[in-house]
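Naming convention: chains lettered A, B, ... in sequence-line order (proteins, then strands); numbering from 1 in each chain.
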Number of protein chains: 2
Amino acid sequence: MSDEQNIKLAVDAVVFGYMEGELYLLLIKRKYGYNKDSWALPGGFVENGETLEQAVKRELIEETGVKANYLEQLYTFGEVERDHRRRVVSVAYIGLVNPQLFELEADTDASEAQWFLIRELPSLAFDHDHIAQSGLKRLRAKLSYEPIGFELLNSKFPFSDLEQLYQGILGKHIDRRNFRKKLLSFGFIEETEEYATHSGSGRPGKLFEFNEQKYSELKANGIHFEIKLA
Amino acid sequence: MSDEQNIKLAVDAVVFGYMEGELYLLLIKRKYGYNKDSWALPGGFVENGETLEQAVKRELIEETGVKANYLEQLYTFGEVERDHRRRVVSVAYIGLVNPQLFELEADTDASEAQWFLIRELPSLAFDHDHIAQSGLKRLRAKLSYEPIGFELLNSKFPFSDLEQLYQGILGKHIDRRNFRKKLLSFGFIEETEEYATHSGSGRPGKLFEFNEQKYSELKANGIHFEIKLA
DNA sequence: GCAAAAGTGTTTCCTTTACACCCATGC
DNA sequence: GCATGGGTGTAAAGGAAACACTTTTGC
């Protein structure tokens, strides 16, 4: 029985980054084989001795040099013809990364790795357009009912960064006062004594930091968070 | 290269049924191989020419005779040691079924198929306990922010059935008046002119039906549904 | 001193909750 | 006629939304 008879299992990563008010997606250019030279999501086959999550992390590092500190399983794509060469089922993950923390380095299968503005994506190999869109949809949904997104920022950030992040990703205007009131009311965002170094004009804002532990505690008790999309 | 070198891909189904105020889980007794005679979730290997969803549907029918009218992907379980014999990664689905519509028939790999009260589950083969619990958690979460659950009832049902279903699954008391008001306010539950045939004592209630189309339209526009768990 | 962003409270509105009595039916 | 579940409205409380002026800084 040839290899052609078996279903191969792969993982793909939809990794988002955020810089200066804009959301980016991490893509690689494939070095070998079918779909060579087209842009695609980082990913690859799962090896026998590793879990799915280990596989994504490994592929991400190999292909881009990025180590995602937030990873969550998105969906498993199992259409029969998603890869024309052979049957491949792929488990997709969402990752969040602060791009400033990594220098992109294409290593193995990828000849290039690059951040693309989310609203200027090239067309992607296989069904990766579809996977990326699902990822984006999930990110938006999740952001609006769970305060993730701190992974996209520096560990200390002015409040306006958070605002902009939310507005950027959700594509909506958010009332500054209500947003700040709400997020601070949970208690997992803490004020530090530092101030932003003036990154332009205007009054420098205080820096805040995310208290992951407090967040986990609250979450365990059923946090109730929601940013309306109106 | 022996078969042992390849990862096998399976699907498993966490199928819920609802009868007389109680939530049930559909289990099979395995006929062959390792874990023979222990209870397990219906499921099996994905074949090369079928999608994941087709595989679940096929296995469900083969092993239990049940045709789920609601199926949603739950999660993909990829721990290395979840099956001690060889590497198996499993894509789990949640299904909802009105048990009264089917006679259980174990067919191929299963020697028996049976509905188990959710609070009296036997211990299951492999990591199926874990999968089942994830499924239950998801069902509860989903039920509380999206009005699924009509698949568990007859197509025409008295309002009290819905109430009981919600209370049964969420394990909480719900105010009858507020619940009815809220659900009817969406407009996808329609009053019929029929009345329940007295299934006991008391005044027979009007029968309602779920208008799936209206529901889909609303959902597309971003429905806002939530049943508080307090 | 002016342009740019940060910081801050109050009022209005709407949604959610709590709550109790009458009605139809079977026995 | 009584036991059982069905049907219904209103008031109070709480959370979300709308909204504008003052402060600090760089230039």
- Query: Which distance, rounded to the nearest 0.5 Å, do you find between the OH of A:Y24 and the CG of A:L117?
  - Reply: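 Nearest 0.5 Å value for the OH-CG distance: 4.0 Å.
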
- Message: How long is the straight-line distance from CG of B:L27 back to CG of B:L121, given to the nearest 0.5 Å?
- Response: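 Reported value, rounded in 0.5 Å steps: 6.5 Å.
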
Between [X] ([atom1]) and [N] ([atom2]), how many Å, whole number?
X      : N      : atom1 : atom2 : value
A:F179 : C:dT8  : CZ    : C1'   : 16 Å
A:F157 : C:dA5  : CZ    : P     : 20 Å
B:L162 : D:dG6  : CG    : C1'   : 15 Å
B:D175 : D:dG9  : CG    : C1'   : 12 Å
B:Y195 : C:dG26 : OH    : C1'   : 17 Å

Listed pairs, N/O of protein and of nucleotides 21-25 of chain C, under 3.5 Å:
{"residue": "C:dC23", "atom": "O2", "partner": "B:R203", "partner atom": "NH1", "Å": "3.2"}
{"residue": "C:dA24", "atom": "O4'", "partner": "B:R203", "partner atom": "NE", "Å": "3.4"}

- Query: Side-chain donor-acceptor pair under 3.5 Å between A:E190 and A:N211, yes or no?
  - Reply: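 A:N211 and A:E190 do have a side-chain donor-acceptor pair below 3.5 Å.
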
- Using the six-membered ring wherever Trp is involved, compare the ring planes of B:F77 and B:Y75 and label them parallel, tilted or perpendicular (cut-offs 30° and 60°).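 B:F77 vs B:Y75 ring planes: perpendicular.
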
- Which word best sums up how the rings of A:F208 and A:F159 line up, parallel for under 30°, tilted for 30 to 60°, or perpendicular for over 60°?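 The rings of A:F208 and A:F159 stand perpendicular, inter-plane angle above 60°.
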
- Atom CD of B:E163: over 12 foreign heavy atoms under 6.0 Å: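 More than 12 within 6.0 Å, yes.
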
- Message: For C:dT8 and A:R180 - does any side-chain N or O of the residue sit under 4.0 Å from the phosphate oxygens OP1/OP2?
- Response: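 Answer yes for this pair, as a side-chain N or O of A:R180 is under 4.0 Å from OP1 or OP2.
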
Please produce a list of atom pairs where a protein N or O lies less than 3.5 Å from an N or O of nucleotides 12-15 of chain C.
none

- So A:E72 and A:R138, salt bridge (Lys or Arg N to Asp or Glu O under 4.0 Å) or not? Walk me through it. CA-CA 10 Å; A:E72 113 177 15; A:R138 171 77 137 279; 3.3 Å; yes

- Return the nearest nucleotide to the side chain of A:N178; candidates are D:dG7, D:dA18, C:dA18.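 Of D:dG7, D:dA18, C:dA18, D:dA18 is nearest to the side chain of A:N178.
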
- With sequence neighbours excluded, residues passing side chain to side chain donor-acceptor pair (under 3.5 Å) with A:K206: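 So A:K206 forms a side chain to side chain donor-acceptor pair (under 3.5 Å) with A:E191.
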
- Just by distance, do the side chain of A:N154 and the backbone of A:K156 share a donor-acceptor pair under 3.5 Å?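 No; zero donor-acceptor contacts below 3.5 Å.
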
- Query: Counting any heavy atom closer than 4.0 Å, what does B:K181 reach on the DNA or RNA strands: base, sugar-phosphate only, or nothing?
  - Reply: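 The residue B:K181 makes base contact.
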
